[in-house]
Colleague: 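Could you have a look at this structure, given as structure tokens, before my questions?
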2 protein chains.
Amino acid sequence: MRSRETILRQAVELSSVEGLDGLSLGRLATATGVSKSGLFAHWRDKEQLQLDAVEWAVRQWTEQVVGPALRAPAGVRRLFALHEARLAFYGDGVLPGGCFFFAVQAEFDDRPGAVRDRLSRSMREWQGLIRRLVAEAVTLGELADGVDPAQLAYEIDALGEMVIVHSRLHDGAQALVHARRAVLARLRALCPDPALLPED
Amino acid sequence: MRSRETILRQAVELSSVEGLDGLSLGRLATATGVSKSGLFAHWRDKEQLQLDAVEWAVRQWTEQVVGPALRAPAGVRRLFALHEARLAFYGDGVLPGGCFFFAVQAEFDDRPGAVRDRLSRSMREWQGLIRRLVAEAVTLGELADGVDPAQLAYEIDALGEMVIVHSRLHDGAQALVHARRAVLARLRALCPDPALLPED
DNA sequence: TAGACGACCGACCGATCGGTCGTATAGTTT
DNA sequence: AAACTATACGACCGATCGGTCGGTCGTCTA
């Protein structure tokens with residue numbers, strides 16, 4: 001039996017090009033060396049496979065972005081570590097993780113269903129994580145009082161997310177630099193202790 | 001003959017849901033009251049229709065976002081006016097303009113072709129416009145010297161663009177407030193003359 | 001060793017896709 | 001009134017889609 005893992009990875013890779021709904025089960029089958037009906041032995045229908053593919057992608061994100069960041073010291077350093085881990089994930093580029101999420105959420109945000117619900121849940125968790133780290137940094141006194149967690153979380157998320165758009169159309173490396181500098185400058189301006197963050 | 005304008009508007013509207021490539025010519029035909037073969041009397045093939053649909057959407061953007069902003073006084077006020085016009089365009093929501101661009105660029109950025117080229121050209125022009133307005137504001141002395149136009153343009157564009165993502169998953173109105181406040185605070189920090197920008 | 005079972009296959013189904021073609025019709029010209 | 005032209009139509013094409021079905025083969029168990 002071809003490993004489920006292999007098939008899901010391949011599904012995510014194909015979906016980052018042709019979309020999760022535009023993903024052809026026939027092409028996925030030949031790409032993984034399985035017959036099309038072989039796929040239906042593992043998944044009831046296309047939607048179940050889509051859900052599992054999203055689940056797999058979310059796990060990659062959690063393991064490679066959230067996990068490493070949580071190992072950084074709590075406070076503003078952990079917040080910036082999360083931002084940097086995300087940029088590193090995008091910068092790798094080999095894994096279609098970044099563009100997968102970007103493409104798929106744009107594809108499904110207008111269409112109700114289990115896939116959209118799963119995606120929006122994961123996005124809400126991501127937003128909540130950033131907000132929580134901001135609030136934590138404020139509590140620790142590492143960010144100025146009066147910082148609105150929701151406002152700052154929006155800014156950090158936006159500055160990181162747009163790397164995806166820019167990296168395709170312009171110079172991807174430059175977008176990463178811009179995204180890093182923007183958040184770094186923003187945090188340094190709000191952080192009483194300059195030693196907690198890198199110079200540049 | 002049904003007006004080309006009507007058909008293109010309908011095409012953009014449908015594409016914002018099912019994607020520009022996933023757009024079904026059959027559904028577009030019935031939605032506009034034209035037969036499917038009637039569409040082929042106006043456009044050679046699907047790609048030409050897609051290109052015209054993108055062109056139509058770009059024109060909407062130019063007329064409703066770029067145009068009004070350019071009527072504001074030059075300098076940092078024009079820069080902020082551009083940001084506000086964009087947010088207003090997204091906030092309207094009736095026109096699927098915002099999500100159309102977002103969905104379509106995510107759909108085509110991996111697939112070479114005339115549509116992708118047209119989209120990336122228009123995005124490059126958009127980026128260039130912001131950069132030019134930043135540089136202009138610096139020249140007029142309305143922004144601090146040493147401001148990197150490319151860096152600031154990235155930030156303004158990112159903070160505005162993410163409204164699209166957030167408005168679907170969370171509270172859209174709140175995202176608009178966050179985006180407006182973020183850019184306003186950033187510009188006020190760089191602007192020697194506080195009177196040029198609104199309080200909040 | 002008999003048999004139950006899960007993985008997998010090739011062939012096939014109805015539906016829908018983009019696109020073509022012959023024809024009917026309305027309006028204009030002669 | 002007859003002839004011509006532009007426009008749009010319904011019917012149809014091959015290809016591809018998601019999904020089903022009958023059946024094969026290897027493995028594990030009683």
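A note on names: the letters A, B, ... follow the listed sequences, proteins ahead of strands, and every chain is numbered from 1.
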Colleague: I want to verify a distance call: between D:dC9, D:dG18, C:dG18, whose nearest atom is closest to the B:Leu25 side chain?
Modeller: C:dG18
Colleague: Distance criterion of 3.5 Å, no angle test: do you see the side chain of B:Lys36 paired donor-to-acceptor with the base of C:dG19?
Modeller: yes
Colleague: Rounded off to whole Å, could you give me the CG-to-P distance for the B:Leu28 and D:dA8 pair?
Modeller: 14 Å
Colleague: Over all heavy atoms of both residues, which pair between B:Leu184 and B:Asp200 is shortest? Give the atoms and the distance, please.
Modeller: CD2-CA, 3.7 Å
Colleague: Whole-Å distance between C:dA7 P and A:Trp43 CH2?
Modeller: 11 Å
Colleague: Specify the separation, in whole Å, of atom CZ of B:Arg44 and atom P of C:dT20.
Modeller: 10 Å
Colleague: Listed by chain and number, what are the side chain to side chain contact (heavy atoms under 4.5 Å, CB included) partners of A:Asp117, not counting sequence neighbours?
Modeller: none
Colleague: Could you tell me the separation between the CZ atom of B:Phe100 and the CD atom of B:Glu13, rounded to the nearest 0.5 Å?
Modeller: 11.5 Å
Colleague: Any idea which of D:dA8, D:dG19, C:dC8 is nearest the B:Ser35 side chain?
Modeller: D:dA8
Colleague: Taking the ring of A:Phe102 and the ring of B:Phe102, is the distance between their centroids below 6.0 Å?
Modeller: yes
Colleague: Does OP1 or OP2 of D:dA8 have a side-chain N or O of B:His42 closer than 4.0 Å?
Modeller: yes
Colleague: Measuring from the side chain of A:Lys46 (C-beta onward, heavy atoms only), which nucleotide among C:dC8, D:dG19, C:dG19 has the closest atom?
Modeller: D:dG19
Colleague: Taking only the side-chain heavy atoms of B:Ser37 (C-beta and beyond), determine which of C:dC21, C:dA11, C:dC17 contains the nearest atom.
Modeller: C:dC21
Colleague: What is the distance from CD of B:Glu47 to P of C:dG19, rounded to the nearest Å?
Modeller: 9 Å
Colleague: Identify which nucleotide among D:dT20, D:dC17, C:dG19 has an atom closest to any side-chain atom of A:Arg27, counting heavy atoms from C-beta outward.
Modeller: D:dC17
Colleague: To the nearest 0.5 Å, what is the distance between CZ (A:Arg59) and OG (A:Ser122)?
Modeller: 13.5 Å
Colleague: Once you apply a heavy-atom cut-off of 4.0 Å, does A:Leu23 come out as touching a base, just sugar-phosphate, or nothing?
Modeller: sugar-phosphate
Colleague: Of the candidate nucleotides C:dC17, D:dG18, C:dT20, which contains the atom at the shortest distance from the side chain of B:Phe40?
Modeller: C:dT20
Colleague: Rounded to whole angstroms, how far apart are CG on B:Asp21 and P on C:dG18?
Modeller: 9 Å
Colleague: Can you tell me how far P of C:dG6 sits from CZ of A:Arg4, to the nearest Å?
Modeller: 16 Å
